[in-house]
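Numbers for residues simply follow the sequence, beginning at 1.
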Amino acid sequence: DGSERILHVEARLVLDSDGGAAAVEGTAQDITERKRAEEQIRFLAYHDSLTGLGNRLLFKERLAMAIATARRNEWRAGVLFLDLDHFKRINDTYGHPTGDLALKAVAQLLLAPARGDDLCARFGGEEFVLLFEETTGETALEIAERLRKRVEALVLKSPSGEPIALTMSVGIA
C-alpha cells in the first residue's frame, strides 16, 4: 500500500559445498507498532500532557546543555520563568476545565516567540519557562515584556460568558 514499515531482520548466509554463497535464510518481523508505541512513551516522558509543551524534565536536561554550550562558546543563554497570577482563583471560581483552557491558550502564546532551538516548557501548575540560547539581556527583557502584554490581552470567557482577565509575572535569568 506504499506505507513505510520498520522491520527487525535476522538472517544468515547459507554456503554451498564449495563455500560460495548459496542462499540467505532468516526471518523478518514487522515492529512498526512497537516503535510507534516507544516514540509515544518517549514523547510523554518529556512533554506535558495538557499543553503538549516540554515538561520540567526536558527543561532541566536542555538547560544543562545550554549552560555548557554557552560557557564553551562564550555565549549567553536566557531563561524566562513565567507564572500566571492568581490562577488558583480561576480554577476555584470557574472550574478546572476553564483553567485548562486558559493554560492551553497561554501555551500557544508562549510558542510564538520561540526560535527553532529555543524551548518552551510547562514547569508545573501555572508556571512556564522559556529557554533561549545565544541571547542578550535586552532580548530576554523585550520578549518577557511582549509575552506579558500578550497574555494580558488574551480574551478568555468563563462558562457563563463573562471575560476572564489574566496577568503574568516574569522572572529573567
Residue pair D83 / S169, side-chain donor-acceptor N/O under 3.5 Å =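 S169 and D83 do not have a side-chain donor-acceptor pair below 3.5 Å.
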Could you check whether any side-chain N or O of [X] sits under 3.5 Å from a backbone N or O of [Y], counting only pairs where one atom can act as donor and the other as acceptor?
| X | Y | value |
| --- | --- | --- |
| N55 | L57 | yes |
| T32 | I6 | yes |
| R56 | F123 | yes |

message = Between R146 and E142, does the salt bridge (charged side-chain N to carboxylate O under 4.0 Å, His left out) criterion hold? Intermediate values first, please.
response = CA-CA 6 Å; R146 186 170 59 244; E142 290 168 2; 5.7 Å; no
query = Hydrophobic cluster mates of L101, side-chain heavy atoms under 4.5 angstrom, ILVMFWY only, any path?
reply = none
L103 CG to T51 OG1 distance, which is reported to the nearest 0.5 Å =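 Here the interatomic distance stands at 8.0 Å.
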note = Rounding to 0.5 Å, atoms CG (L154) and CD1 (I164) come to a distance of 10.0 Å
Salt bridge or not for [X] and [Y], using N-O below 4.0 Å?
| X | Y | value |
| --- | --- | --- |
| E39 | K35 | no |
| E145 | R148 | yes |
| E127 | R122 | no |

ask   = What's the verdict on side chain to side chain contact (heavy atoms under 4.5 Å, CB included) for K60 and L63, showing C-alpha distance, side-chain angles and the deciding distance?
value = CA-CA 5 Å; K60 286 181 177 183; L63 178 62; 5.7 Å; no
